[in-house]
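Every value quoted in this text rests on a predicted model; they were computed, and no experiment measured them.
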Amino acid sequence: KEEEKEEDKEEEKQQRQKQPQQQRQPEAAVASRRVLRKVKPAETPAKEPKEASRARQGQDESSEALAERPPLGTASDSVAEAAEEEKEEEKEEEKRPEENEEEEEEEQQESGDDDSLDAVSLCRAAIAASETGDEVDQTIAPGVTIVDLPPSVTGFPAWRRCEEYVESEADLDRGHADWVIPEGADNSTPRILYCHGGGYEMHSPQSIYRPATSRLAAVSGMPVLAFDYRKCPEFKHPAQLDDATQAFRWIWENGPEGPGLATAVFLAGDSAGGGLALALAVKLRDEPIEGREVAGITVVSPETDLTCSGESYTTRRWVEGGPEHCDPMFRDEDPAEASMPTVYSLLGPPDDPESYHPTEAYLSVLHHDLHDLPPVQIHVGDAEVMLSDSVDFAE
């Protein structure tokens with residue numbers, strides 16, 4: 001601006017020297033010319049495209065935003081503080097799951113629902129607290145069809161319970177078998193003969209065993225024949241073994257689709273029924289049926305020693321407030337002694353010369369020669385008074 005002023009002054013001076021006094025331009029005209037010269041670079045500016053105008057406007061707004069930012073020193077301080085706050089928040093978030101887990105563990109401990117309680121402990125607790133047995137799962141496995149086979153179809157003995165043991169009308173018409181058939185099974189599928197438990201005295205395939213036999217059929221993919229063998233005290237040994245032998249012959253010759261030879265037959269059972277399955281295998285070994293072999297056996301806590309003399313009848317007996325391996329099912333002070341009335345009901349009183357001894361080899365199989373048997377799988381719990389029956393048989 002100072003240079004322009006100097007130029008203007010120099011120009012005025014030269015004009016004055018060239019022109020007479022009367023012809024000199026007024027100072028207003030000179031000032032006007034100065035203004036025009038200043039504007040001349042943008043005297044006729046070209047119109048910029050709308051896009052360029054918008055871009056320039058955006059740049060101007062960005063510049064204004066930058067101009068509104070605090071000085072670098074204060075900005076760095078605030079950014080650092082924000083970063084520290086974020087770190088603290090992240091730490092808090094990491095702590096929260098741990099705190100929640102601790103709270104859940106405390107709640108589980110208070111409620112007793114602790115991971116340290118395994119399924120066995122929970123079952124034992126439920127059994128110990130149960131007075132009715134209503135907690136037992138009585139649902140049928142999905143995809144399984146159960147066909148009732150009356151004695152008129154199978155030829156199995158038809159029998160009825162004595163008045164003392166009649167609980168329903170079904171007890172007046174016993175001897176029915178269950179064909180438990182999973183999806184996809186046909187006559188070419190291997191078959192399972194199931195001997196249910198109950199101390200040779202109680203239960204039937206239809207009373208409480210369908211949940212078990214239906215699951216066995218579902219998981220194995222094999223049809224299961226559960227037969228209602230005759231019980232004591234109405235029928236003594238060897239009626240039960242005779243019925244098992246007859247059922248074995250029948251399942252070899254009849255499948256879920258009707259008559260037809262089996263490709264293989266397995267034996268299964270639990271408790272007294274497990275002992276009956278093993279006794280059947282021993283008898284078939286000694287008295288084989290041509291072309292009718294047992295492919296394998298799976299039993300749950302089989303009763304193999306009717307003398308009840310195994311050490312577990314003492315070491316696993318129930319003691320109120322005792323250790324975890326106490327049997328919560330059998331709470332008699334002397335489980336062996338408490339079992340003998342049922343044993344004598346099955347074998348006959350000990351003073352009867354026609355009675356069988358508790359070491360009867362074809363029922364109390366632990367006292368038989370155990371050789372050349374098919375593969376045997378045994379399931380047994382540590383908290384059972386009948387633990388020795390399984391361990392001693394396996395040994």
Side-chain angles (χ1 to χ4, degrees), residues 104-138 195-203 207-209 211-212 215 232 268-278 298-347 350 358-359 363-367 376-395:
E104 289 177 1
E105 288 178 1
E106 291 176 0
E107 291 176 359
Q108 288 177 347
Q109 290 174 358
E110 292 175 0
S111 64
D113 184 17
D114 192 350
D115 290 340
S116 62
L117 293 176
D118 59 15
V120 174
S121 299
L122 293 174
C123 286
R124 290 184 72 257
I127 293 170
S130 174
E131 296 181 357
T132 63
D134 292 338
E135 296 82 0
V136 178
D137 183 0
Q138 288 292 304
C195 309
H196 70 80
Y200 298 103
E201 180 184 24
M202 305 298 296
H203 306 319
S207 61
I208 62 172
Y209 271 89
R215 281 166 172 75
C232 66
D270 67 284
S271 192
L276 182 56
L278 293 172
T298 178
V299 289
V300 179
S301 190
E303 187 174 20
T304 65
D305 182 11
L306 295 180
T307 67
C308 303
S309 58
E311 67 172 10
S312 59
Y313 279 83
T314 301
T315 62
R316 297 301 188 269
R317 69 182 180 85
W318 173 255
V319 177
E320 192 69 38
E324 285 293 311
H325 61 253
C326 292
D327 191 331
M329 293 282 291
F330 298 94
R331 301 195 175 193
D332 299 285
E333 186 175 349
D334 187 343
E337 182 180 353
S339 300
M340 296 318 293
T342 302
V343 172
Y344 294 140
S345 175
L346 173 66
L347 301 176
T359 58
L363 206 56
S364 193
V365 291
L366 181 63
H367 301 279
V376 180
Q377 179 188 58
I378 302 175
H379 298 273
V380 65
D382 185 47
E384 295 192 45
V385 295
M386 288 172 54
L387 172 62
S388 296
D389 286 52
S390 295
V391 174
D392 294 345
F393 179 88
E395 291 178 349

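The shortest non-hydrogen separation linking Gly198 to Tyr209 is N-OH, 4.4 Å. The two atoms that bring Cys232 and Thr342 nearest to each other are SG-O, 4.3 Å, heavy atoms only. Summarising the geometry of Leu276 relative to Tyr200, their closest heavy-atom pair is N-OH, 3.5 Å, with the distance given to 0.1 Å.
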Asp332 and Glu337: side-chain contact (heavy atoms from CB on, under 4.5 Å), yes or no, with the steps? CA-CA 9 Å; Asp332 299 285; Glu337 182 180 353; over 6 Å; no
Audit row: Leu347, Leu363, side-chain contact (heavy atoms from CB on, under 4.5 Å) steps and yes/no: CA-CA 9 Å; Leu347 301 176; Leu363 206 56; 4.0 Å; yes
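Of the possible polar contacts, none joining the Ser364 side chain to the Thr359 backbone as a donor-acceptor pair under 3.5 Å is found. Distance alone, capped at 3.5 Å, is enough to place a donor-acceptor pair between the Ser339 side chain and the Pro335 backbone. Asp270 places a side-chain N or O within 3.5 Å of a backbone atom of Gly197 that can act as its donor or acceptor partner.
Legend: salt bridge (Lys or Arg N to Asp or Glu O under 4.0 Å) pairs involving residues 381-395, not counting sequence neighbours, sorted by first then second residue: Arg316-Asp382.
Applying the salt bridge (charged side-chain N to carboxylate O under 4.0 Å, His left out) rule to Arg317 yields no partners; only residues at least two apart in sequence or on another chain are considered. For Tyr313, there are no ring pair (Phe, Tyr, Trp, His ring centres under 6.0 Å) partners two or more places apart in sequence or in a different chain.
A distance of 5.5 Å separates CD1 in Ile378 from CZ in Phe393, rounded to the nearest 0.5 Å. Distance CE/Met329 to CZ/Arg331: 10.0 Å, rounded to 0.5 Å.
Each of Cys308, Ser309, Ser312 was compared with Ser388 under the side-chain contact (heavy atoms from CB on, under 4.5 Å) criterion, and only Ser312 meets it.
Counting heavy atoms from C-beta outward, Leu387 and His325 have side chains that stay 4.5 Å or more apart. Looking at heavy atoms from C-beta onward, Ser271 lies in side-chain contact with Met386 at the 4.5 angstrom threshold.
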